[in-house]
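Quick note: numbers below take in every heavy atom, side chains included, and nothing from hydrogens, waters or symmetry partners.
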Amino acid sequence: MPATKQSQTQGEIPTLLVGVDHHCAPLELRERVAYTSESAEEVLVHLVAQSHIEEALLLSTCNRTEVYLRHHDEQKAFQRGLDLVFLDRAKEVKEEGRFYVKHGTEAARHLLSVAAGLESMVLGEPEILGQVKQAAALAEGIGTSGVILRRLARSAATAGRRARGETAIGEGAVSFGYAAVDLARSIFVNLESNSVLILGAGETSVTVARSLIEKGARKVQVANRGQDRADAFLQEFPLASGVAFDRRLEALGDADLVVAATSAPEAILRREDVEQSLRHRKNRPLLIVDLGVPRDVDPAVGNLANVFLHDIDSLEQLIERNLKRRRQEVPRVSQILEEELERLLIWYASLAAAPLVAQLHRRAEEIRAREIADHHHHFPESTHEHLANLTRSIVRKILHHPSSQLREASSTENLHHLAALKDLFRLDEDDEER
C-alpha cells in the first residue's frame, strides 16, 4: 500500500485521486471496477457519508476508473476510497502497480490531462471529454461534489475544449473506423447520399459501421455468411439492411463504399467480379477498404479505373501519420493545461484570501470605531455622523488596493502576501489578546 501524505502542502487543493487505468491494469481487471451511472451514484453517496470525505467525483470509462475526493483526513480518505471503489469489487487492485494515487495539484493536473485526451489509450480521443462532463454532472446532481470538485471539473472541461479547439490533438483518423470515414470524405461529397456495403459482421465491421453511421452514413447494407452475426449487427444498427452473402456482387453494383472484414481464407472480391460491376456504374468512383487478414480483396482490383483500394497496411500508414501529428501537439496542449491549472490555483488561493481580507476589514473597523468613541467628546455632536462616514471612507480607500491585490495575486504570491498580512496585522490572535 503506498503511503499518502500526512499533511497537505500549504496552498495545495485538498484533493486526492485514486485510480486504475490501461497503463497499470489489464482489461479483465478494469471491467470489474467499471461503474454504470446507477452504481456510481451508490458508491458516491457511500463515500461522502464518511466523516473524513467532504466531496467525491467518480470517472469510469472502458480504460479507467478514477475517484477524486476532497477530504479532511487524507490517509483515511485514501483507505475508504480504495476499499469502497476498488477492493470491494476486485481485491487484486491492491497488488503493487495496479493503481495510482495523486495528491493536491497533481490530482488536479491529472484530471485536466485526462479531459484533454493526453492520458487516453488513443492520444487525443474525443469521447473522454464528454465522459468527464457526465461524471461531473452526476456528482453535482446527487450533491456529492461541492465548491472544490465542481470548479476542478469545470477547469478540466475548459482545458479539454481548448485543447481540441486550439490544437490538432484530436484531428485525423487514428482508428480503422475513422480512417474509412476520412477516406470516404476525400472522395465523396457527403456520406448521407452514399451507399455502403459491409462484408462481414464481426467486431471490426461493427466498429467501422459505428464510425460511418456516426458521421452521417444512412444507406448501409451488411452481408455475412453466418446469419446469427448478421442479425446481431442489424439489431445494433436498425437503419441498416441485410443482404445474402452469395448476392454480395449484386449489392456491389450499387455501393459507393465497400468495407470488407471477414475471416475468409481467400479473396471474396476478385478483379473480374469488381470489373463486371463497374460496367453498370457509369464512371462512379468506388472506394474499397479491405480490413481482412488474409486480404478479402484481390490486390489487382486496385488497378481498375475509378476504383480506390486501401488495405490494412495503407490505413495503418494513414493512422501513424495522424498520430505523429497529434504527438507534435502535446507540448501545446501541456501549455494549455498549465494555464488552466494556474487559473484554478489562483481561484483556490482567492478562497483563502477572502476570509483574511474580511478579517482585516473587521479589524480596521474595530480600530476606527474605538478611536472615534474615545475622541467623540473633542468634536461637536452635530459632526459625529459626518466624522463616522468620513473615517469609514478613509479606511475603505486605504484597504481597497491591498485587498484587490490579495484576491487577484498568483497563487504563490498570495501565500506570501497572506502570511505577511497575518503577521503585520496579527490576524491569527484572539480578540482578548489584542
Engineer: Work out which heavy atom in Ser277 is nearest to a heavy atom in Val274; give both atom names and the distance.
Structural biologist: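 Closest approach of Ser277 to Val274: OG-O, 2.8 Å.
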
Engineer: Are the side chains of Val85 and Leu47 in contact, using a 4.5 Å heavy-atom criterion?
Structural biologist: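 Result yes, sub-4.5 Å side-chain heavy-atom pair found.
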
Engineer: Ignoring hydrogens, what is the shortest heavy-atom contact between Glu66 and Leu17? Give both atom names and the distance.
Structural biologist: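 Scanning both residues, the minimum pair turns out to be CB-CD1, 3.6 Å.
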
Engineer: Any ion pair linking Glu329 and Arg332 (charged N to carboxylate O, less than 4.0 Å)?
Structural biologist: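 The answer is no: the pair does not qualify as a salt bridge.
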
Engineer: Is Arg70 paired with Glu54 through a side-chain N to carboxylate O contact shorter than 4.0 Å?
Structural biologist: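 Yes.
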
Engineer: Do the charged groups of Arg327 and Glu320 touch, with an N to O distance under 4.0 Å?
Structural biologist: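 Yes, charged N to carboxylate O under 4.0 Å.
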
Engineer: Residues two or more places apart in sequence or in another chain: which of them pass side-chain hydrogen bond (donor to acceptor under 3.5 Å, both in side chains) with Asn224?
Structural biologist: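 Not a single residue meets the side-chain hydrogen bond (donor to acceptor under 3.5 Å, both in side chains) criterion with Asn224.
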
Engineer: Is any side-chain heavy atom of Val33 less than 4.5 Å from a side-chain heavy atom of Val93?
Structural biologist: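 Side-chain contact under 4.5 Å: yes.
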
Engineer: Test ring pair (Phe, Tyr, Trp, His ring centres under 6.0 Å) on His23 and Tyr100 and set out the steps.
Structural biologist: CA-CA 10 Å; His23 294 297; Tyr100 45 90; 8.4 Å; no

Engineer: I'd like to check Phe233 versus Ile198 (side-chain heavy atoms, cut-off strictly below 4.5 Å). Are they in contact?
Structural biologist: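 They are in contact (side-chain heavy atoms under 4.5 Å apart), so the answer is yes.
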
Engineer: Could you grab the distance from atom NE2 of His361 to atom NE2 of His400, nearest 0.5 Å is fine?
Structural biologist: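 With rounding to 0.5 Å, NE2 (His361) is 9.5 Å from NE2 (His400).
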
Engineer: To the closest 0.5 Å, what do you measure between CD (Gln79) and CG (Leu84)?
Structural biologist: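 Reported to 0.5 Å precision, the distance equals 10.0 Å.
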
Engineer: Could you walk me through whether Glu214 and Tyr178 satisfy the side chain to side chain contact (heavy atoms under 4.5 Å, CB included) test, starting with their C-alpha distance in whole Å, then the side-chain angles of each, then the deciding distance to 0.1 Å, before giving a yes or no?
Structural biologist: CA-CA 10 Å; Glu214 179 185 320; Tyr178 286 114; 2.8 Å; yes

Engineer: Heavy atoms only: give me the nearest Gly97-Cys24 pair and the separation to one decimal.
Structural biologist: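 Nearest heavy atoms, Gly97 then Cys24: O-CB, 3.0 Å.
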
Engineer: In sequence, state the C-alpha distance, the side-chain angles, and the governing distance for Leu269 and Asp298, and then conclude on side chain to side chain contact (heavy atoms under 4.5 Å, CB included).
Structural biologist: CA-CA 6 Å; Leu269 288 182; Asp298 179 359; over 6 Å; no

Engineer: Ignoring hydrogens, what is the shortest heavy-atom contact between Ala223 and Ala244? Give both atom names and the distance.
Structural biologist: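 Taking every non-hydrogen atom into account, CB-O, 4.3 Å.
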
Engineer: Which residues pass the ring-ring contact (aromatic ring centres under 6.0 Å, His included) test with His310, not counting sequence neighbours?
Structural biologist: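 Once residues adjacent in sequence are excluded, His310 has no partner under the ring-ring contact (aromatic ring centres under 6.0 Å, His included) criterion.
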
Engineer: Do the side chain of Asp256 and the main chain of Ser195 share a donor and acceptor less than 3.5 angstrom apart?
Structural biologist: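 Yes.
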
Engineer: Do Ser39 and Thr36 have side-chain atoms, one donor and one acceptor, less than 3.5 Å apart?
Structural biologist: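 Indeed, the side chains of Ser39 and Thr36 share at least one donor-acceptor pair under 3.5 Å.
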
Engineer: Using the side chain to side chain contact (heavy atoms under 4.5 Å, CB included) definition, which of the options Asp73, Asp83, Val18 pairs with Phe78?
Structural biologist: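 Going through Asp73, Asp83, Val18 one by one, the side chain to side chain contact (heavy atoms under 4.5 Å, CB included) with Phe78 is satisfied by Val18 alone.
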
Engineer: State whether Tyr35 and Arg89 meet the cation-pi test: NZ (Lys) or CZ (Arg) under 6.0 Å from the six-membered ring centroid, and within 45° of the perpendicular axis.
Structural biologist: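 Yes; both conditions hold, so Arg89 lies above the ring face of Tyr35.
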
Engineer: Taking the basic N atoms (NZ, or NE/NH1/NH2) and the acidic carboxylate oxygens, is any pair closer than 4.0 Å for Glu365 and Arg362?
Structural biologist: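 Salt bridge flag = no for Arg362 with Glu365.
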
Engineer: Do Leu199 and Leu197 touch side chain to side chain, with heavy atoms closer than 4.5 Å?
Structural biologist: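 A side-chain contact under 4.5 Å exists here.
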
Engineer: Does any N or O in the side chain of Thr15 come within less than 3.5 Å of the main-chain N or O of Gly104, such that one atom is a donor and the other an acceptor?
Structural biologist: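 Not confirmed, Thr15 side chain does not pair with Gly104 backbone.
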
Engineer: Ignoring hydrogens and angles, tell me if any N or O in the side chain of Ser113 forms a donor-acceptor pair with the backbone of Arg109 under 3.5 Å.
Structural biologist: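 Answer holds: no.
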
Engineer: How long is the span from the CZ atom in Arg151 to the CZ atom in Arg154, to the nearest 0.5 Å?
Structural biologist: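 Atom-to-atom, Arg151:CZ and Arg154:CZ are 6.0 Å apart.
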
Engineer: Quick one: CD on Glu338 to CG on Leu345, what's the gap to the nearest 0.5 Å?
Structural biologist: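 So the gap between those two atoms works out to 9.0 Å.
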
Engineer: Whether the side chain of Asn63 engages the backbone of His22 through a donor-acceptor N/O pair (distance < 3.5 Å, no angle test) should be reported.
Structural biologist: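 No.
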
Engineer: Can a donor-acceptor pair be found, under 3.5 Å and without considering hydrogens, that links the side chain of Thr65 to the backbone of Val20?
Structural biologist: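 Checking the backbone N and O of Val20 against the side chain of Thr65, no donor-acceptor pair under 3.5 Å is found.
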
Engineer: Below 4.5 Å, heavy atoms only, C-beta onward: do Arg326 and Val174 meet side chain to side chain?
Structural biologist: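 Yes; the side chains approach each other to less than 4.5 Å.
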
Engineer: Checking side chain to side chain contact (heavy atoms under 4.5 Å, CB included) for the pair Val289/Phe176: CA distance, chi angles, key distance, verdict?
Structural biologist: CA-CA 9 Å; Val289 178; Phe176 286 141; over 6 Å; no

Engineer: Can a donor-acceptor pair be found, under 3.5 Å and without considering hydrogens, that links the side chain of Arg164 to the backbone of Gly160?
Structural biologist: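 Checking the backbone N and O of Gly160 against the side chain of Arg164, a donor-acceptor pair under 3.5 Å is found.
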
Engineer: Please confirm whether the backbone N or O of Gly146 pairs with a side-chain atom of Glu55, one donor and one acceptor, at under 3.5 Å?
Structural biologist: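 Yes: the side chain of Glu55 pairs with the backbone of Gly146.
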
Engineer: To the nearest 0.5 Å, tell me how far Ile128 CD1 sits from Lys133 NZ.
Structural biologist: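 Ile128 atom CD1 to Lys133 atom NZ measures 12.0 Å (nearest 0.5 Å).
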
Engineer: Is it the case that the side chains of Ser120 and Glu125 hold a donor-acceptor pair, with the cut-off being a distance below 3.5 Å and no angle test?
Structural biologist: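 A donor-acceptor contact under 3.5 Å links the two side chains.
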
Engineer: Should Gln235 and Asp231 be marked as a side chain to side chain donor-acceptor pair (under 3.5 Å) after you check the CA-CA gap, both sets of side-chain angles, and the distance that decides it?
Structural biologist: CA-CA 6 Å; Gln235 186 174 1; Asp231 291 342; over 6 Å; no

Engineer: Please determine whether a side-chain nitrogen of the Lys or Arg among Arg64 and Glu119 lies less than 4.0 Å from a carboxylate oxygen of the Asp or Glu.
Structural biologist: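 Here Arg64 does not pair with Glu119 in a salt bridge, since their nearest N and O are not under 4.0 Å apart.
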
Engineer: Identify the two heavy atoms, one from Ile336 and one from Ala159, that lie closest to each other, and give their separation to 0.1 Å.
Structural biologist: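 Nearest heavy atoms, Ile336 then Ala159: CG2-O, 4.2 Å.
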
Engineer: Would you indicate whether the side-chain heavy atoms of Ser155 and Thr158 approach each other to under 4.5 Å?
Structural biologist: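 Sidechains of Ser155 and Thr158: no contact.
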
Engineer: Does this structure show an ion pair linking Glu92 with Arg98, if we count only N-O contacts that are shorter than 4.0 Å?
Structural biologist: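 No, this pair does not count.
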
Engineer: Other residues, nucleotides and ligands only: do more than 12 of their heavy atoms fall within 6.0 Å of CZ on Arg295?
Structural biologist: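 Open: at most 12 neighbouring heavy atoms sit under 6.0 Å from CZ of Arg295.
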
Engineer: Please evaluate residues Leu337 and His110 with respect to the criterion side chain to side chain contact (heavy atoms under 4.5 Å, CB included), reporting the C-alpha separation (whole Å), side-chain torsions for both, the decisive distance (0.1 Å), and the verdict.
Structural biologist: CA-CA 9 Å; Leu337 299 188; His110 181 83; over 6 Å; no

Engineer: Would a distance-only check, ignoring hydrogens and angles, find a side-chain to backbone donor-acceptor pair under 3.5 Å from Asp273 to Arg270?
Structural biologist: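 It does hold such a pair.
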
Engineer: Heavy-atom count around Arg229 CZ within 6.0 Å, excluding the residue itself: above 12?
Structural biologist: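 Not more than 12 within 6.0 Å, no.
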
Engineer: Please find the pair of heavy atoms, one from Leu291 and one from Ala261, that lie closest to each other, and give the distance.
Structural biologist: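 Looking at all heavy atoms of both residues, the closest pair is CB-CB, 4.1 Å.
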
Engineer: For Glu171, which residues count as a salt bridge (Lys or Arg N to Asp or Glu O under 4.0 Å) partner, sequence neighbours excluded?
Structural biologist: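 Salt bridge (Lys or Arg N to Asp or Glu O under 4.0 Å) list for Glu171, sorted by chain: Arg325.
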
Engineer: Output the distance between atom CG (Leu57) and atom OG (Ser145), rounded to the nearest 0.5 Å.
Structural biologist: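 Separation between the atoms: 6.5 Å.
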
Engineer: Taking the side chain as every heavy atom from C-beta outward, state whether Ile148 and Ile13 have any pair of such atoms under 4.5 Å apart.
Structural biologist: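 Touching, per the 4.5 Å side-chain cut-off.
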
Engineer: Counting only N and O atoms by type, is there a donor-acceptor contact under 3.5 Å from the side chain of Asp290 to the main-chain atoms of Val297?
Structural biologist: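 Side chain of Asp290 to backbone of Val297: a pair is present.
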
Engineer: So Lys219 and Glu192, salt bridge (charged side-chain N to carboxylate O under 4.0 Å, His left out) or not? Walk me through it.
Structural biologist: CA-CA 7 Å; Lys219 304 173 185 178; Glu192 290 186 12; over 6 Å; no

Engineer: Do side-chain atoms of Gln50 reach the backbone of His52 as a donor and acceptor pair under 3.5 angstrom?
Structural biologist: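 Looks like no, no N/O pair under 3.5 Å.
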
Engineer: Would you say that Ile288 contacts Val259 through its side chain, given a criterion of any heavy-atom pair below 4.5 Å between the two side chains?
Structural biologist: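 Side-chain contact under 4.5 Å: no.
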
Engineer: Could you tell me whether Arg162 and Glu339 have a side-chain N and a carboxylate O separated by less than 4.0 Å?
Structural biologist: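 Looking at Arg162 and Glu339, the cut-off is met.
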
